[in-house]
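Notes follow the structure.
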Amino acid sequence: METNQRPYHLVVFGASGFTGQFVAEEVAREQVASGQSSSLPWAVAGRSREKLQRVLERAALKLGRPTLSSEVGIIICDVTNPASLDEMAKQAAIVLNCVGPYRFYGEPVVKACVENGTSCIDICGEPQFLELMYWKYHEKAAEKGAYIIGSSGFDSIPADLGVIYTKNKMNGTLTAVESFLTIHSGPEGMCIHDGTWKSAVYGFGDQSNLKKLRNEANLKPVPIIGPKLKRRWPVSYCRELSSYSVPFLGADVSVVRRTQRYLHENLEQSPVQYAAYVNMGGITSVIKLMFAGLFFLFFVRFGIGRQLLIKFPWLFSFGYFSKQGPTQKQMDGSSFTLRFFGQGYSQGFGPEKGKPNTRICTQVKGPEPGYVATPIAMVQAAMTLLNDASDLPSMGGVFTPGAAFFRTKLIDRLNQRGMEFSVISSSEV
C-alpha cells in the first residue's frame, strides 16, 4: 500500500453509525495489540464533529486510553457531497466504509476512492451492489492501483475464507462444500440493528434488478467438477448437527461463487461448488421463522409493505431486529459457529474414476457476528492490505475477500483475534 504521501493509513467513514463506532473501537484496539500506536495514523470521518468526538471518547473510556481522542484525526464529509468525499479519499491509504445501505450510499465512496487511487473496504452484504461495483469500477480501479474489497465483515469473510481454508486443508481436490451457520445467544437473547434489516428489505424488494444485472453480464458457466451439488429443501434436517436448517439468504453464496470464478479463470484452480444454510434448532424455531419469512416476503413486494417493514422492524422480525440494536450484554453473550462439510477426490483420484472419495469437515468460530466479529474482520482485512502487499493480486481492482486475500496471512491474523479456523475431521470414504 502507498502510505507515504497520505496523512492517514486508515479512515473509518461513518464512524458515528451503529456499526462504525465498533469499527473505530477495533482500530484503536489494533493499535495496541500490534504495537503500532505511533506507526498507524488513522482518522474517523462523518457529518458531525460532535458525534465523532463522542465515539472517540467512548472508545477511550472503554479501552483505558485517555489520550485517544486527541491522537485520532477527524474528517468532516458527507456522502451527498462528492467534493468532501474526494478530500477524505486523498488523505487516506484505505477507507473503511461503514455507511449503508450500500445500494443508496456506497457508490459515491467507491467512485471517490477509485478516482483518487485510494483503497476501500466495506462490510456490505448486498449482492446487487457488490456485483454492480465490479462491472462499473474494476478496470478503473486496476488502472489506479486501488483495491476495492467488498463484503469484508461477517458477510462474507468467514464463508469465503472458510471455503479457501477447507480447500487448502484437503489432501486432494475439493469439489463441493455446504456450510451451516449456528448463532449462539446468551441469557439476554440476541438482537440485530435495523440497518441490516433495511438492507435486506431493499435487497429482496429489488431482486429483479439483480437478475437483470447477471443476465446482462452473460458470464460463461464455471465448470462443475464431480457430481453436481444438490440443493436441499427449504427446510431440511442436518444429521451431522442434529438440527433443522434453512438456506442462508445473505451474500455468502454470491461472494464465494465470485471468488471461485476468479481463482479458476485467473489461476486455473479447480472451482468449488458451494451452498449455505442456517441452523434453526428444533421444529418450534422453524415454525416461528416460517411465519416471519412469509410476512416478510409478502410485504417486501409492495412499496407500502416495505415502508411498514422498515418502520416496525421489531414487530415483523419477531424481535430479532430493532432500531436500538443489541445491548452490550447481548453482544457479550453471543457467538457463531460456521461448519463446513466438504467432499472431493484424494490425490491421484478423479471424477473419471467414480464418486468423491474424500470428506472433510472444518469450522470457523467467533464472537458475536454483527458488531464484534464484523469489526475484527474488517480491520484485519485492512491490516492485511497494509502489510501483505506482495501477496495481493498484482494490480488493483474490485475483489471479493477470497480473491484479494487467498495468498495472504489474513486467516492467521483472524485466528489471533478470536476468529478460529480449524479442521474437525478429514477422511477417505
Side-chain angles (χ1 to χ4, degrees), residues 14 17-20 97-107 122-133 150-160 179 181 183 185 190-214 234-235 245-256 275-280 285-286 288-326 334 336 338 368-371 373-374 377-378:
F18 191 81
T19 307
N97 182 17
C98 303
V99 180
Y102 290 89
R103 67 173 51 246
F104 299 130
Y105 307 118
E107 186 171 355
D122 70 46
I123 45 177
C124 176
E126 305 163 43
Q128 185 182 343
F129 172 80
L130 296 164
E131 294 178 31
L132 183 62
M133 291 305 97
S151 53
S152 293
F154 179 71
D155 282 338
S156 292
I157 277 184
D160 204 15
S179 69
L181 170 65
I183 303 293
S185 58
M190 62 169 286
C191 180
I192 306 170
H193 188 259
D194 78 327
T196 304
W197 176 257
K198 286 178 186 174
S199 297
V201 169
Y202 291 122
F204 278 94
D206 203 24
Q207 282 287 299
S208 59
N209 278 325
L210 177 57
K211 288 178 184 173
K212 184 181 174 186
L213 175 66
R214 288 172 175 172
V235 177
S245 64
V246 297
F248 180 64
L249 300 177
D252 286 358
V253 172
S254 164
V255 172
V256 170
Y277 301 92
V278 184
N279 284 327
M280 296 306 302
S285 300
V286 171
K288 184 178 174 182
L289 177 83
M290 285 174 69
F291 273 106
L294 288 170
F295 272 113
F296 183 88
L297 292 172
F298 176 76
F299 279 90
V300 83
R301 294 166 62 195
F302 312 103
I304 191 165
R306 289 192 288 274
Q307 288 174 27
L308 287 169
L309 286 168
I310 285 164
K311 192 170 183 180
F312 304 107
W314 188 87
L315 175 66
F316 287 103
S317 70
F318 284 56
Y320 284 120
F321 291 82
S322 77
K323 293 181 182 292
Q324 295 76 34
S334 298
F336 77 90
L338 189 57
E368 188 279 331
Y371 315 104
T374 284
M378 188 184 209

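Scanning all heavy atoms of the two residues, the minimum distance from Leu130 to Ala251 falls at CD1-CB, 4.3 Å. Across every non-hydrogen atom of Pro158 and Gly153, the tightest pair is CD-O, 3.5 Å. Residues Lys198 and Ile310 approach most closely at CE-CG2, 4.0 Å, considering heavy atoms. Shown here for Val256 and Asp160, the closest heavy-atom pair between the two residues is CA-OD1, 3.6 Å. Among all heavy-atom pairs drawn from Ser322 and Cys191, the shortest one is OG-SG, 3.2 Å. Closest approach of Gly325 and Phe18 over heavy atoms only: CA-CZ, 3.9 Å.
Side-chain atoms of Cys124 and Met133, non-hydrogen and from C-beta on, never get closer than 4.5 Å to each other. Leu309 is not listed as a side-chain neighbour of Tyr202, based on a closest heavy-atom distance of 4.5 Å or more. Between Leu294 and Phe298 there is no side-chain heavy-atom pair separated by less than 4.5 Å. The closest side-chain heavy-atom distance from Asn209 to Asp206 is below 4.5 Å. The side-chain heavy atoms of Asp155 and Ile123, taken from C-beta on, include no pair separated by under 4.5 Å. Between Phe321 and Thr196, the closest side-chain pair of non-hydrogen atoms falls below 4.5 Å.
Atom-to-atom distance recorded for Phe104:CZ and Ser199:OG is 8.5 Å, nearest 0.5 angstrom. Once rounded to the nearest 0.5 Å, the distance linking OG of Ser254 with CG of Leu210 reads 7.0 Å. Here the CG atom belonging to Leu308 is positioned 8.0 Å from the NZ atom belonging to Lys311, to the nearest 0.5 angstrom. Summarising the geometry, atom CG belonging to Asp252 is positioned 11.0 Å from atom CD1 belonging to Ile157; distances are rounded to the nearest 0.5 Å. A distance of 14.0 Å separates NZ in Lys323 from CH2 in Trp314, rounded to the nearest 0.5 Å. Distance check: Ile183 CD1 to Asn279 CG gives 10.0 Å after rounding to the nearest 0.5 Å.
Between the side chain of Glu368 and the main chain of Gly370, a donor-acceptor pair closer than 3.5 Å is present. Between the side chain of Asp122 and the backbone N or O of Ser151, at least one donor-acceptor pair lies under 3.5 Å. In this structure, Ser334 contributes its side chain and Met190 its backbone to no donor-acceptor pair below 3.5 Å. Using modelled atom types, no side-chain atom of Ser156 and backbone atom of Ala159 make a donor-acceptor pair closer than 3.5 Å. One N or O on the side chain of Glu126 and one on the backbone of Arg103 form a donor-acceptor pair closer than 3.5 Å. Between the side chain of Thr374 and the main chain of Pro369, a donor-acceptor pair closer than 3.5 Å is present. Although no hydrogens or angles enter the test, the distance criterion places a donor-acceptor pair under 3.5 Å between the side chain of Tyr371 and the main chain of His193.
Taking the six-membered ring where the residue is Trp, Phe129 and Tyr102 present tilted rings, their angle falling between 30° and 60°.
Counting heavy-atom neighbours within 6.0 Å of Lys212 NZ, excluding the residue itself, gives a total of 12 or less. Residue Tyr320 places its OH atom among 12 or fewer non-hydrogen atoms of other residues, nucleotides or ligands, all under 6.0 Å distant.
Between Phe296 and Trp197, the ring center distance clears the sub-6.0 Å criterion. For Phe316 and Phe299, the distance between ring centers is under 6.0 angstrom.
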Exercise. Going through the checks in order, is the side-chain contact (heavy atoms from CB on, under 4.5 Å) test met by Phe248 and Leu181?
Worked result: CA-CA 8 Å; Phe248 180 64; Leu181 170 65; 4.2 Å; yes
